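One structure is given below, encoded as structure tokens.
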Number of protein chains: 2
Amino acid sequence: MHLLVSMVMSTVRSSTTPFICGLDAALRVVSGKWKPLILFFLAKDPKRYGELKRCVRGVSDKMLIQQLKELEVDGIVVRTDYKEIPPRVVYELSPFGFTLADALIPLCEWGTEHTDIIEKALVRRVTA
Amino acid sequence: MHLLVSMVMSTVRSSTTPFICGLDAALRVVSGKWKPLILFFLAKDPKRYGELKRCVRGVSDKMLIQQLKELEVDGIVVRTDYKEIPPRVVYELSPFGFTLADALIPLCEWGTEHTDIIEKALVRRVTA
DNA sequence: CAGCATCCAAGAAGATACTG
DNA sequence: CAGTATCTTCTTGGATGCTG
């Protein structure tokens, strides 16, 4: 049997959590329009708020703050407020956050490898 | 530098696609409330429509069909209509679909490993 | 600089009823 | 059996303006 399946099946059957399986749980953490990007740029190094906003092009304050907060309560991101004037707030990945980043590498590679196919597929979704 | 970062950065910089990075592209394929589950059950073996619906507990016809169609145009799932009466339609993963399933294994493991933490975090999201 | 508050638009998802 | 169609609801995300 496929490896993924055996893992999932056992998870499903013994489930005492609100999650259908481990993948379901993981997706709840990384789903969000800007979260992957935030993870990426923070995986490089810690960043101040404005710095991060410039990296994640096109994001609004509302969304950036919202997603950062969620990542923070999820324990992925650590926020440090230096209580200075003018304000200086730095965001960085926690050790836990880095384990997530590692787990995402294969999926990232998959996406990079098949970018063309995926792009064409998304176009088909609209026209069809 | 963290491995994920170097990968992503190169992707971002050379991007000629609508995607921010490979992970972004990949998430567009697997995001969807029922898609992970569909992938899981189909990774086990091909299934008829009704059979699949019984596996994915709680899904409506509308959503199941919609997500299956997207997975189909994405080339992840193959639909075979045997044109019988009563109807018999079988869904299964394509070879491409299996490569995606493989890429999801580490994320699935991560989610399974940290289910408790994630669950508590989601509760905090609501209360906070 | 680093946010918060408010309003509004768009898309995702549920409920219900019907068909070849 | 394997869907389709329509309506409504819920959730996400964007735009704008304001604050310590």
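Since we're looking at a predicted model, the values are computed, not measured. Throughout, a chain's letter reflects where its sequence line sits, starting with A, and its residues are numbered from 1.
Counting only heavy atoms from C-beta outward, the side chains of A/Asp74 and B/Ile118 never approach each other to under 4.5 Å.
Contact annotation: B/Trp34 does not reach the phosphate of C/dA12 (side-chain N/O to OP1 or OP2, under 4.0 Å). An OP1 or OP2 oxygen of C/dG3 is reached within less than 4.0 angstrom by a side-chain nitrogen or oxygen of A/Arg79. Put simply, A/Arg48 has a side-chain N or O that comes within less than 4.0 Å of OP1 or OP2 on C/dA2. Contact annotation: A/Tyr49 does not reach the phosphate of C/dC4 (side-chain N/O to OP1 or OP2, under 4.0 Å). Checking the phosphate oxygens (OP1, OP2) of D/dT12, no side-chain nitrogen or oxygen of A/Gln66 falls inside 4.0 Å. Look at B/Lys33 and you'll find a side-chain N or O under 4.0 angstrom from OP1 or OP2 of C/dG14.
Taking only distance into account, the side chain of B/Lys62 meets the base of C/dG14 through a donor-acceptor pair shorter than 3.5 Å.
Aromatic pair B/Phe96/A/Trp110: centroids less than 6.0 angstrom apart.
Here A/Tyr91 lies in heavy-atom contact (under 4.0 Å) with sugar-phosphate atoms only. B/Lys69 comes within 4.0 angstrom of the backbone, heavy atoms only, and of no base.
Remark: B/Lys120 does not engage B/Asp116 in a salt bridge, criterion side-chain N to carboxylate O under 4.0 Å. In this structure, A/Glu70 pairs ionically with A/Lys35, as a charged nitrogen and a carboxylate oxygen lie closer than 4.0 Å.
Across the interface with DNA chain D, nearest-nucleotide mapping of B/Arg54 and A/Ser60 shows B/Arg54 to be the residue nearer the 5′ end.
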